[in-house]
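Below you'll find the structure, written out as structure tokens, and then a few comments.
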Amino acid sequence: MDNYEVASIDIEKLQADIHSASGQNGGKNPNRYWAHNHPREWSQDFAERMAAAIAEAVDAVTSQLKPPSVDIKSPLSALANAVSSHVSDALDSFSGATTGLQRRTNLLWWKEAMYSPSAHKSYQDLPLFEAAALMALDLHEQVPTYSPASVSALLRQTVQALPVGDGGQDASPRGFASLVQGAISSTHMEPFRALAAAYAPVPEGRGPLLSLIGNPREAKAIGPENLRDYVGVDASTVMSPSEWGTHLFRELQAARATSPTNRAAKK
């Protein structure tokens, strides 16, 4: 009966290959990515290197045996690709859930803090209708273009949380013409006007309200009696602070959705 040497795996070499596959601290031909910085790319690189290392170790063992070894690189590579695909799908799912949770957390913090990142001051330190308009702007910057109706409800609740009445500001509804005039002349509205100008062109006939707000010089030449012709809202229409903020928020969302240069933003 023939005597055969006991087949064994080169543990040191396999450990070195696994170390190289695990990260950039590896020795020869290390993984090109860090798991915490580029999880998807790391998993792909790790799977490929591990498959090669395991296949090489197994081939080295089977080459010591008789009959000749069977090449298992192909099935192991297929397994590695399947594992890598599964890990990538799981990471995509986890990333999407994390993004949504982070957005909701940020919105709740924004509502409670009552601070405007665009104006760099508390909404409570701003005139009521300007605060409502800037809330619309700040919320627009935090949410995707296609958002549920509950986002508008959140805006209304946040505006209504501002102090009014005794010890607060006058929340009486104002005429649309007065609100537009304030939007194109108030210094507090400069951040809003800047974004409106980026979204909407100079008013030339019927168009969005943003075209007036973003182009004050041209807007001042349009009399109140012509507002309906330009933006579809009569000058005598009255709005509460929350209605004004919601109206502007919807204008911003619609403008981003239809603007070719901004359509790809915040999907």
Side-chain angles (χ1 to χ4, degrees), residues 110 114-143 145 147 151-152 155-156 158-160 162 164 169-266:
W110 168 76
M114 285 287 186
Y115 181 82
S116 171
S118 60
H120 304 293
K121 60 174 61 178
S122 170
Y123 294 117
Q124 300 181 39
D125 296 332
L126 295 167
L128 186 57
F129 282 86
E130 280 86 342
L134 290 176
M135 282 183 181
L137 170 65
D138 296 334
L139 181 60
H140 167 74
E141 294 284 13
Q142 297 183 69
V143 299
T145 300
S147 299
V151 175
S152 295
L155 174 60
R156 286 195 297 272
T158 308
V159 174
Q160 291 168 1
L162 290 169
V164 296
Q169 301 187 56
D170 181 12
S172 301
R174 295 184 185 175
F176 186 71
S178 173
L179 293 173
V180 173
Q181 182 60 37
I184 65 177
S185 60
S186 171
T187 56
H188 299 298
M189 291 289 287
E190 288 182 2
F192 195 104
R193 288 194 292 272
L195 184 59
Y199 278 162
V202 174
E204 294 180 357
R206 186 68 172 265
L209 174 58
L210 297 182
S211 64
L212 299 184
I213 297 177
N215 300 277
R217 181 181 302 175
E218 291 77 8
K220 289 178 180 178
I222 299 173
E225 67 279 4
N226 295 321
L227 280 177
R228 175 181 288 276
D229 296 332
Y230 277 88
V231 298
V233 181
D234 193 83
S236 61
T237 301
V238 294
M239 293 184 178
S240 66
S242 60
E243 290 171 336
W244 175 236
T246 302
H247 184 82
L248 292 177
F249 175 71
R250 289 170 178 166
E251 285 257 349
L252 289 169
Q253 293 291 92
R256 184 166 62 194
T258 57
S259 174
T261 57
N262 296 282
R263 191 169 294 159
K266 291 202 178 277

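In this structure the side chain of Val164 never reaches within 4.5 angstrom of the side chain of Asp170, judged on heavy atoms. Side-chain contact between Leu209 and His247 is present, with at least one heavy-atom pair separated by less than 4.5 Å. Put simply, the side chain of Met135 does not reach to within 4.5 Å of the side chain of Phe249, judged on heavy atoms. Side-chain contact between Ser242 and Gln160 is present, with heavy atoms from C-beta onward closer than 4.5 Å.
Considering CG of Leu139 and OG1 of Thr158, their distance stands at 7.5 Å, rounded to 0.5 Å. Taking OH of Tyr115 as the reference point, atom CH2 of Trp110 lies at 14.0 Å (rounded to 0.5 Å). Interatomic distance, CG of Leu137 versus CD of Gln142, reported as 10.0 Å (0.5 Å rounding).
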Review point. Should Arg174 and Val238 be marked as a side-chain contact (heavy atoms from CB on, under 4.5 Å) after you check the CA-CA gap, both sets of side-chain angles, and the distance that decides it?
Key: CA-CA 5 Å; Arg174 295 184 185 175; Val238 294; over 6 Å; no
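Of all the heavy atoms in Ala136 and Leu155, the pair that sits closest is N-CD1, 3.9 Å. The two residues Leu179 and Met239 make their nearest non-hydrogen contact at CD1-CB, 4.0 Å. For the residue pair Ala132 and Pro241, the shortest heavy atom distance occurs at CB-O, 3.3 Å. Of all heavy-atom pairs spanning Phe129 and Trp244, the tightest one is O-CD1, 3.5 Å.
Ser118 is linked by a side chain to side chain donor-acceptor pair (under 3.5 Å) to Ser116, Asp138, counting only residues two or more places apart in sequence or in another chain. Here Gln253 pairs with His140, Arg256 under the side chain to side chain donor-acceptor pair (under 3.5 Å) rule; sequence neighbours left out. Scored by the side-chain contact (heavy atoms from CB on, under 4.5 Å) test, Gln124 finds Met114, Ser122, Leu162, Pro163 as partners (sequence neighbours excluded). Residues that satisfy the side chain to side chain donor-acceptor pair (under 3.5 Å) test with Thr246, not counting sequence neighbours, are absent from this structure.
At distances below 3.5 Å, at least one donor-acceptor pair connects side-chain atoms of Thr258 with backbone N or O atoms of Ala254.
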With a 3.5 Å cut-off and sequence neighbours excluded, list the donor-acceptor pairs that the side chains of residues 180-195 form with protein atoms.
residue: Ser185; atom: OG; partner: Gln181; partner atom: O; Å: 2.7
residue: Ser186; atom: OG; partner: His188; partner atom: N; Å: 3.2
residue: Arg193; atom: NH1; partner: Ala183; partner atom: O; Å: 2.9
residue: Arg193; atom: NH1; partner: Ser186; partner atom: O; Å: 2.8
residue: Arg193; atom: NH2; partner: Ser186; partner atom: O; Å: 3.0

Side-chain donor/acceptor pairs under 3.5 Å, residues 215-234, sequence neighbours excluded:
residue: Asn215; atom: ND2; partner: Pro201; partner atom: O; Å: 3.3
residue: Asn215; atom: ND2; partner: Ser211; partner atom: O; Å: 2.8
residue: Asp234; atom: OD2; partner: Ser236; partner atom: N; Å: 3.0
residue: Asp234; atom: OD2; partner: Ser236; partner atom: OG; Å: 2.4

